[in-house]
Amino acid sequence: MGRAVRFVVALTLGLGLLTWIGHLTLTHTTRRWFERDIELRARLAVASARRSLVRHWAAGEEGGLPDVLADITRDERVMGTAACDLDGHLRAATPGFRDAFTCPRILSRLAAQGVALDAPADWSLTVDLRGGPVHLYGVELPEFSPRGFVVVVHDLSFLSRREATTRNQLLLAFFVLALAAAGITVVAARLAWRGWQDDLRRALRGDGSRQFQPLVRDVRELVARLSQERDADARGGEWSPERLRGVLTQHLHGERVVIVANREPYIHEKTPEGGVRVVHPASGLVTAIEPVMRACSGVWVAHGSGSADRETVDARDRVKVPPGEESYVLRRVWLTETEEAGYYYGFSNEGLWPLCHVADTRPEFRDEDWEQYRKVNQRFADAVCDEVDSDDPIVLVQDYHFALAPAMIRARLPRATIITFWHIPWPNPERFGICPWREELIEGLLGSSIMGFHTQQHCNNFLDAVDAFVESRIDREHNAVVQRSRRTLVRPYPISIEWPVHWLDGLPSPAQCAADVRRELGLAPDALLGVGIDRLDYTKGIEERLAAVDMALERHPELRGRYTFIQLAAPSRTRIPRYQELNDRVEALARKVNERWSEGAYRPVVLLRSHHEPPAVFRYFRAANLCYVSSLHDGMNLVAKEFVAARNDERGVLVLSQFTGAARELTEALVVNPYDLSEASEAMAAALRMPEAEQAERMRAMRSLVAHFNVYRWAGRMLVDAAQLRSRERLSGRLTRVGTRAKELLP
Ligand code: G6P
């Protein structure tokens, strides 16, 4: 309000100043006009009485001169008239003149003002008397003898009165104007404020949440891609495990697929009671690849990291999985402490992981880690070659742990079709150039037939890095790298999840999940729930997320005591100091937010730092009013897609970082910049107030997209591309052989 008052005062002063300047200008001008007017009239009056004046001049008072002067004075504004000679004698005058002037006074005034009377002429004077200003106009006719003048005295006091009246009216007008302007301004400001408030209110309710929408460019790209790909897909129907199997049989003659990925899909752990339990690791890679392997069968070569892993494999280090279903083989590779420290913790997770993520953690590269990385890549490449059943197998190499493996496998199996998928972002060449072994990494990857990334941007970054650091030819038109006549296609394949998610089977309804979770955590039955589900990793933006929760409570008092954010944080890579530090910081931040806002039984943050098995994770997804994925940089982020899959009730809002690959597809999420706490906190508040109809509309659209672009399609498209590549290579191989034979036959 203070601002409004200041504004009205400033406006009034401004208008006042303008009015005053206007008034002065007007007064000056009208006075000039008026003086000219009375001078003209005086001259006319004298001119019309000229003859009589001249005739009676010499006789003065004694002749007819007083009558002639009385005639001139008939004009109501003329106070009086007189005839003076230049010696200062009054020849005649009307009463009005006598009261105010004498001839000598007039002559001395004229002398004081420098008016010379050396020849007959007209003159004028303005004199301030007590009753107001008067104007004297003198006319000397050449015929006057002795020399003298007739002076006509006009009363100007009425002019001052008129000016005062005008000034008062002007002031009144000014006040009315100022009041009106201030009033209009205040009303307009109030309307604008109310409009803005309405907008904000709509945003908070959810129907204004367009501001959290992705960039139009992203949506346009998505629409183009969707329509293109839907057309192509339409021929084969929706992608499913059966369709994927069909691709394998039809295009690849049922070849066995061998996958190599560091993380195993099933970890056997010893329990304190002396038994063995199966753990499903928290890994986006596993979430995506496991359903594909269940559909395709084949072999998954992985690091055997569980404490009971050795006890559960056969003599050839194999175990059939999933437990009880046994649809494919898990081949475990054992690593020594030194190998794991150098290859996994060191080069992969202290070097490549921070190198590829823009998340302000410096990559660390050590010779000894590189040594182990090379060695372990070779060990896995050898394990893959042990598992294949032909000399042209299909091998799927997964992620940054195995950048060297493709070339190593190719060295042993030149005819293999190697599809490498890089699950994390690929940085720009400047950043990638930090790595002391950048050339070796690229050469290793170029052993692949197809190099896949989540987004075209990552493909471009990879091609730029190839261009910058190794000898090759880049075929930009076909997005391929040609090296020693071998081609590596570089393609975007946005990864996804199985559809429907089998973990949902048998889970209670979302309403039941919400009631159960609230009860278990001791929250009010009407508590609003937000969830975040991640590995405890600095790329996930967990600190930014909790800070946004804090800000939402600060800005929205109505959420205090009602809104609780549940953060499930699976411990990850805990031997690395940066991860230990993150753990401490997240814990401290959760404590701080809780200290600030807790009241009675209410806690704003529930931090659950332990591994949760998929059914528990999906229960939280189903219970939540919102899920906030706040990654600072993420190749895709499948948590976002899992949340969408969990909500078959079409309720719940996804708040999604714009720095995830998922944000390009899930455009109906509230897309935010996780670094912008203000935006993120408002998005959370908007999500919590979003009308159910809008939640349903958004959720339906996202579910339809994930259902269609599921992981079978992801794998299927790569396999179809691989099949085309194989037939092209077989054909060109035959052509080469024909060519050689022809040469042999030629003389
Ligand atoms: C990311 C990587 C995966 C990895 C997962 C879990 O999603 O792309 O390759 O499996 O993180 O990390 P971890 O080190 O526990 O395997």
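In listed order, ligands and their atoms are each counted from 1. Along the sequence shown, residues carry numbers from 1.
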Is it the case that the side chains of Asn637 and Asp634 hold a donor-acceptor pair, with the cut-off being a distance below 3.5 Å and no angle test?
yes
Any side-chain donor-acceptor pair under 3.5 Å between Asn262 and Tyr343?
yes
Does any donor atom in the side chain of Gln456 or Asn460 lie under 3.5 Å from an acceptor atom in the other side chain?
yes
Specify side chain, backbone, both or neither for Ala261, according to which of its non-hydrogen atoms lie closer than 4.0 Å to ligand 1.
neither
Give me the residue, atom name and distance of the protein heavy atom closest to atom 12 (O) of ligand 1.
Arg573 NH2, 2.9 Å
Residue that, paired with Glu350, satisfies salt bridge (charged side-chain N to carboxylate O under 4.0 Å, His left out) out of Arg366, Arg578, Arg362
Arg366
Under 30°, 30 to 60°, or over 60°: which ring-plane class applies to His423 and His454, parallel, tilted or perpendicular?
perpendicular
Hey, what's the ring geometry for Phe453 with Trp426, parallel, tilted or perpendicular (30° and 60° as the breaks)?
perpendicular
What protein heavy atom sits nearest atom 7 (O) of ligand 1, and how far off is it?
Gly284 N, 3.9 Å
Residue-level breakdown please: for Gln398 versus ligand 1, do any non-hydrogen atoms fall below 4.0 Å on the side chain, on the backbone, on both, or on neither?
neither
For ligand 1, note which part of Ile424 has a heavy atom under 4.0 Å away: side chain, backbone, both or neither.
side chain
Between Asp537 and Arg535 (salt bridge meaning N to carboxylate O under 4.0 Å), is one present in this structure?
yes
For ligand 1, which atoms, with element, lie under 4.0 Å from some heavy atom of His401?
9 (O)
If you have a sec, work out which protein heavy atom is nearest atom 14 (O) of ligand 1 and how many Å separate them, to one decimal?
Tyr344 OH, 2.4 Å
For ligand 1 and Asn262, I'd like to know whether there is a polar contact (N/O to N/O, distance under 3.5 Å).
no
With Asp309 as partner, the option from Lys270, His303, Arg332 fulfilling side-chain hydrogen bond (donor to acceptor under 3.5 Å, both in side chains) is Arg332
Of Asn349, Leu285, Asp399, the residue with the heavy atom nearest atom 8 (O) of ligand 1 is Asp399
Starting from atom 16 (O) of ligand 1, locate the nearest protein heavy atom and write down its residue, its atom name and how far away it is, to 0.1 Å.
Arg263 NE, 2.9 Å
Side chain Ser630, main chain Gly541, donor-acceptor under 3.5 Å
yes
Enumerate the atoms of ligand 1 whose separation from the nearest heavy atom of His423 is less than 4.0 angstrom.
8 (O)
List ligand 1 atoms under 4.0 Å from Ala282, heavy atoms only on the residue side.
6 (C)
When you compare ligand 1 with Ser283, is there at least one nitrogen or oxygen pair between them that comes in under 3.5 angstrom?
yes
